[in-house]
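Down below is the structure, laid out as structure tokens.
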Amino acid sequence: MVHGKKFVFCSALSFCLMFLLSAAAFAEGSLTIVASQDQLQSMDVLLKDLKDENVRVKILAPEAAAQAKQDDYLILVLNGRPSDPAYSALGPKILTDSDRKILERSGGKKLIVARDVWKNGQEVVCFAGNTDADAQTIRMETKGKWWDIVAGWFNIAVGGMHGY
């Protein structure tokens with residue numbers, strides 16, 4: 001009988017430790033999204049789903065984009081206008097010359113996935129377009145690719161995806 005109680009105690013203790021360690025691992029990460037209010041409105045379903053999955057989301061306006069450089073997981077929405085504060089703050093480091101040429105063209109758009117941009121271990125998904133509408137279009141057209149990446153950051157099951 002003593003061995004049975006020890007087994008139950010050890011099993012319960014192991015379960016509690018595993019739960020606490022896994023919860024702590026996921027609690028460390030948060031997602032930073034750099035986007036304008038207009039851009040965020042088109043991402044309302046995505047934001048709701050992230051909230052439902054208990055992903056902490058920090059939203060930064062384009063004017064505060066430079067603050068995102070130290071965050072681990074980023075989603076950036078850039079338009080191809082150098083006058084856009086996010087473009088001028090983050091674009092030079094994440095966009096190649098080829099990317100810039102694409103974004104200068106009417107209807108130009110590109111999904112950019114980058115690692116270690118401003119610090120080691122950092123991962124960035126960037127929806128870049130000549131206009132906000134182009135950035136939204138690339139987000140919608142490539143949702144299977146980028147959602148797998150974001151879901152992997154936070155251990156989210158990818159079935160039943162919405163039209164982000």
Side-chain angles (χ1 to χ4, degrees), residues 11-80 84-87 89-91 93-96 99 102-103 108-129 131-164:
S11 295
L13 182 61
S14 296
F15 176 78
C16 289
L17 285 174
M18 285 185 348
F19 176 78
L20 290 173
L21 290 174
S22 65
F26 289 112
E28 288 178 21
S30 66
L31 175 64
T32 300
I33 298 176
V34 178
S36 70
Q37 281 298 343
D38 289 341
Q39 294 160 341
L40 287 170
Q41 285 178 357
S42 71
M43 299 171 78
D44 60 338
V45 174
L46 170 63
L47 294 171
K48 181 192 176 308
D49 286 352
L50 290 169
K51 181 181 177 186
D52 290 347
E53 292 291 338
N54 296 313
V55 174
R56 288 182 299 157
V57 177
K58 177 171 79 171
I59 296 174
L60 294 175
E63 297 77 24
Q67 295 175 24
K69 291 179 180 179
Q70 295 307 309
D71 295 337
D72 292 328
Y73 304 112
L74 303 173
I75 291 180
L76 308 177
V77 183
L78 300 178
N79 61 50
D84 174 42
Y87 182 91
L90 306 177
K93 185 82 173 177
I94 204 163
L95 301 173
T96 65
D99 296 336
I102 290 169
L103 299 180
K109 58 191 176 292
K110 185 169 183 183
L111 171 68
I112 300 163
V113 178
R115 294 184 56 91
D116 305 326
V117 178
W118 291 281
K119 69 176 197 165
N120 286 336
Q122 184 179 58
E123 297 187 54
V124 179
V125 170
C126 176
F127 310 116
T131 65
D132 287 348
D134 295 325
Q136 178 180 351
T137 299
I138 196 66
R139 178 174 49 84
M140 303 285 284
E141 290 176 351
T142 61
K143 64 185 172 198
K145 182 176 181 177
W146 64 263
W147 179 245
D148 284 348
I149 294 167
V150 173
W153 293 343
F154 302 102
N155 198 29
I156 299 171
V158 294
M161 217 169 100
H162 288 100
Y164 301 120

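Not measured: the values here are computed from a predicted model. The residues of the chain are indexed from 1 along the displayed sequence.
Looking at heavy atoms from C-beta onward, V124 lies out of side-chain contact with I112 at the 4.5 angstrom threshold. At least one side-chain heavy atom of W153 sits under 4.5 Å from a side-chain heavy atom of V125. Contact annotation: the side chain of L74 never approaches that of K69 to less than 4.5 Å [non-hydrogen atoms, C-beta and beyond]. For the pair N54 and F154, the minimum side-chain heavy-atom distance is 4.5 Å or more. Contact check for I94 versus L78: side-chain heavy atoms found under the 4.5 Å cut-off.
Applying the salt bridge (charged side-chain N to carboxylate O under 4.0 Å, His left out) criterion to D52, with sequence neighbours excluded, gives K48. In terms of the side-chain contact (heavy atoms from CB on, under 4.5 Å) criterion, residue partners of K93 (sequence neighbours excluded) are, by chain and number, V117, W118. Listed by chain and residue number, D38, Q39, P62, D132 satisfy the side-chain contact (heavy atoms from CB on, under 4.5 Å) test with S36 (two or more places apart in sequence, or in another chain).
In this structure, the separation between NZ on K109 and CD on Q136 is 12.0 Å, given to the nearest 0.5 Å. For the atom pair CD of Q122 and CG of D71, the computed distance is 7.5 Å after rounding to the nearest 0.5 Å. One finds the CZ atom of F127 at 11.0 Å from the CE atom of M140 (value rounded to the nearest 0.5 Å). Here CD1 of I138 is found 10.5 Å from SG of C126. Values are rounded to the nearest 0.5 Å. In this structure, CD1 in I75 is found 4.5 Å from CD1 in I33, a value given to the nearest 0.5 Å. Once rounded to the nearest 0.5 Å, the distance linking OG1 of T96 with CD1 of I102 reads 7.0 Å.
Side-chain contact, D134 with T137: no donor N or O sits under 3.5 Å from an acceptor N or O.
In this structure, the side chain of K110 does not engage the main chain of A128 through any donor-acceptor pair within 3.5 Å. Checked by atom type and distance alone, the side chain of N79 never pairs as donor or acceptor with a backbone atom of G129 at under 3.5 Å.
The shortest heavy-atom contact between A135 and V77 is CB-CG1, 3.8 Å. For the pair G80 and L103, the tightest heavy-atom approach, listed with the atom from each and the gap, is CA-CB, 4.1 Å. Looking at every heavy atom in both residues, A86 comes nearest to V34 through CB-CG1, 4.0 Å.
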